[in-house]
Amino acid sequence: MLNQELADIFLNIAELLELKADNLFKIRAYEKAARNIESLNHDIGEIYKSGGIKALENIPGVGAHTALKIEEYLNTGKIKAFNALKHEFPNNFLKLVEIPGMGPKTAILLYKKLGIDSPEKLEKAIKAGKLKDIPGMGAKKEENILRGIELKKKVHGRFLLDVATSHAELLVEELSKLKVADKILPCGSLRRGKETIGDIDLLVVSSHPARVMDAFVGISAVKDVLAKGETKSSVILQNGMQADLRVVEEKSFGAAAHYFTGCKEHNIHLRQLAQQTGWKVSEYGIFRKDKQIGGETEEEMFSKFGFQFIPPELREMRGEFEAAAKGKIPDLIELKDIKGDLHLHTTASDGANTIEEMARAVKALGYEYILITDHSPSTRVAKGFSAAKLLQQIKEVRAAEKNVAGIRILAGSEVDIKPDGSLDYPDEILKQLDLVIIAVHSSFKMPEEKMTNRIIKAMQNKYANIFTHPTGRLIGEREGYAIDMEKVLQAAKENNVAMEINAHPKRLDLTDVHCMRAKELGVKLVINTDAHSTDQLQLMKYGVITARRGWLEAKDVLNTYSLTRLLQSLK
DNA sequence: GCCGTTTTCGGCCCGACTGTTTTCAGTCG
């Protein structure tokens, strides 16, 4: 939380300095600091507490000045220099710059000439024809800005990973129909598996770029064409999502794939390394003078610099280059490593399918075991049920296991953690279950300390095995409840409770960063779908990609184990 | 503002597309 707050502040400082046309490299420095702070896997408050200002300066991109600002924020809750900077512009002036097509230069120009300080005033001024007399403004530019304002009204922010994935798949399918695209690869944050996606980046290898461009802007899912050039086009899809397509030749495929996958800081770092070697890296390849010496494959983008291959999910400037230099890139978990799903609902509570239907669907995926986990009585909205009904369900689970050959079906429950930290079924009921998942479904607004203690108390119950969707967030809908994740992870370790990575694209919780920390602490993890129907079992891949972003290997995730080993690990 | 087995000062990634420019600035990724 604190990391994100500070990252946002430093990004805002960068934007404000850009409005002031301050030194471009100073602006970059703030952006870099912001991104590095955002991707820290430790709470910045903890870093400061344990190592003081020196520890802050050890964060890459954070120097003496930024460290002082962080210290000020940690101690006082504000940064004076930032507030002063904000006061140089009207309230919410940055909203103007957020409009696609508007940049700092245009925003300042229009503010000085016409006093425009909000998207609303901007829209009015354009429609009243007031921009006509401003040098550098023309009909096309007005049209672009209006379109940007409309887009901003309709699309609020980023898209969920599954939504972006399905749209990318659709575009790939359409482009495949052309016979001139030799390779099509979705890149960008989608390929890195980020929890939300801003736009779709597609890379195409073709010797007929013009035909690819024409086909791309002509796809029926395309609503609007933002730009169409010889090798690069940008469009807006019907759902408001932007998609960018770039065509390169085969010899540049690796360099282009690397470049379009990002992240930005990762790319810049590699380009800087190239400079130091006297080389140049661009999306076209690795060059010595004008001669291409690498970049046809993505592997070369790393091997030429003496690095191990860095999988896309790790390219977030979280130490991947240091690890790759030492040959310490982890052997990341893959979907095929998953042997079971330990969080499933059935028609007994709020699911859509029966125990046997879920079991058969899971078996078809090649898994070896499942855990049935319907809701406990407190979660009335989800049809949570009584202890008596749970005892009945245990019998149904045992019966189902006899009816569906080739898969182990375990009896469990997603048990509510009540506000006082006690569990929603008594121990004598819990002990009859094979495994118990614990969850927070109520009193989300508790203060952090109280919530943290509530969860830790629940973990101390000897029947608690897995803590599901640990922050309770719903991406784009609801913030997670306030918890001290560090303490919760410590408690998970002490009480041998596994932390869940919930694979639902709205949850993806634990997050990647928390996964990294959990692994460091030796906390056990599981990846579950929380499926409420058989088709949701497919969501496992999003949990796996989140685990990969958290540097997890199969051995870190219990449901890659055989059932025997899994049960031994949790008891 | 950050950073350093070529530097504590002098650098700081690289390129595509658009619009209105008369040779390029602004924006974007």
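Basis for what follows: all heavy atoms, side chains included, without hydrogens, waters or symmetry-related copies. Every chain is numbered from 1, with letters handed out A, B, ... down the list of sequences.
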Phosphate OP1/OP2 of [N] contacted by [X] side-chain N/O (<4.0 Å):
{"X": "A:N144", "N": "B:dG19", "result": "yes"}
{"X": "A:Q272", "N": "B:dC3", "result": "no"}
{"X": "A:S234", "N": "B:dC17", "result": "no"}
{"X": "A:S282", "N": "B:dC13", "result": "no"}
{"X": "A:T231", "N": "B:dC17", "result": "yes"}
{"X": "A:K264", "N": "B:dC14", "result": "no"}

What is the separation between atom [atom1] on [X] and atom [atom2] on [N], rounded to the nearest whole Å?
{"X": "A:I108", "N": "B:dA25", "atom1": "CD1", "atom2": "C1'", "answer": "16 Å"}
{"X": "A:F25", "N": "B:dC3", "atom1": "CZ", "atom2": "P", "answer": "16 Å"}
{"X": "A:K194", "N": "B:dG29", "atom1": "NZ", "atom2": "C1'", "answer": "14 Å"}
{"X": "A:L273", "N": "B:dC14", "atom1": "CG", "atom2": "P", "answer": "12 Å"}
{"X": "A:R147", "N": "B:dT27", "atom1": "CZ", "atom2": "P", "answer": "16 Å"}
{"X": "A:K141", "N": "B:dC28", "atom1": "NZ", "atom2": "P", "answer": "10 Å"}
{"X": "A:H269", "N": "B:dC2", "atom1": "NE2", "atom2": "P", "answer": "18 Å"}
{"X": "A:E143", "N": "B:dT20", "atom1": "CD", "atom2": "C1'", "answer": "15 Å"}

- prompt: Does a distance-only test, which skips hydrogens and angles, find a donor-acceptor pair under 3.5 Å between the side chain of A:Y284 and the base of B:dG15?
  reply: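 No such pair is found, so the answer is no.
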
Under 3.5 Å, side-chain donor or acceptor atoms of residues 78-85 of chain A against the rest of the protein: list the pairs with distances, not counting sequence neighbours.
none

Qualifying residue, where the test is salt bridge (Lys or Arg N to Asp or Glu O under 4.0 Å) with A:K183 and the options are A:E249, A:E296, A:E298, A:E250: A:E250

For the side chain of [X], counting heavy atoms from C-beta on, which of [options] is nearest?
{"X": "A:K232", "options": "B:dC2, B:dC28, B:dC13", "value": "B:dC28"}
{"X": "A:T66", "options": "B:dC2, B:dG29, B:dC13", "value": "B:dC2"}
{"X": "A:K228", "options": "B:dG29, B:dC12, B:dT18", "value": "B:dT18"}
{"X": "A:P104", "options": "B:dG1, B:dG29, B:dT27", "value": "B:dT27"}
{"X": "A:A227", "options": "B:dT18, B:dC14, B:dG1", "value": "B:dT18"}
{"X": "A:R246", "options": "B:dC17, B:dA16, B:dG1", "value": "B:dA16"}
{"X": "A:N23", "options": "B:dT18, B:dA16, B:dG1", "value": "B:dG1"}

- prompt: Which base, if any, makes a Watson-Crick or G-U wobble pair with B:dA25, both distances under 3.5 Å?
  reply: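 Base partner found: B:dT18.
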
message: Suppose you measure atom P in B:dG15 against the same atom in B:dT21; what distance do you get, rounded to whole Å?
response: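 Result for the P pair: 28 Å, nearest Å.
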
Can you give the donor-acceptor pairs under 3.5 Å from side chains of residues 274-282 of chain A to other protein atoms, not counting sequence neighbours?
unit_1	atom_1	unit_2	atom_2	d
A:T277	OG1	A:L273	O	2.7
A:S282	OG	A:Y284	N	3.0

message: If you assign each of A:I59 and A:V97 to its closest nucleotide in DNA chain B, which residue comes earlier from the 5' end?
response: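 Upstream on the strand: A:I59.
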
- line: Walking DNA chain B from its 5' end, the first of A:M213 and A:P100 to be reached, judged by nearest nucleotide, is A:M213

- prompt: Can the ring centres of A:H167 and A:F159 be said to be less than 6.0 Å apart?
  reply: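 They do not qualify: ring centres at least 6.0 Å apart.
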
message: Would you say the ring centers of A:H504 and A:H469 fall short of 6.0 Å from each other?
response: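 Judged by ring-centre distance (under 6.0 Å), A:H504 and A:H469 do not meet the cut-off.
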
task: Indicate yes or no: at least one non-hydrogen side-chain atom of A:M137 is less than 4.5 angstrom from one of A:K132.
output: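 Heavy-atom side-chain distance check fails, nothing below 4.5 Å.
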
message: If I take atom CD1 from residue A:I37 and atom CG from residue A:L2, how far apart are they, to the nearest 0.5 angstrom?
response: 10.0 Å

Each nucleotide N or O in nucleotides 7-10 of chain B that has a protein N or O under 3.5 Å away: list the pair and distance.
none

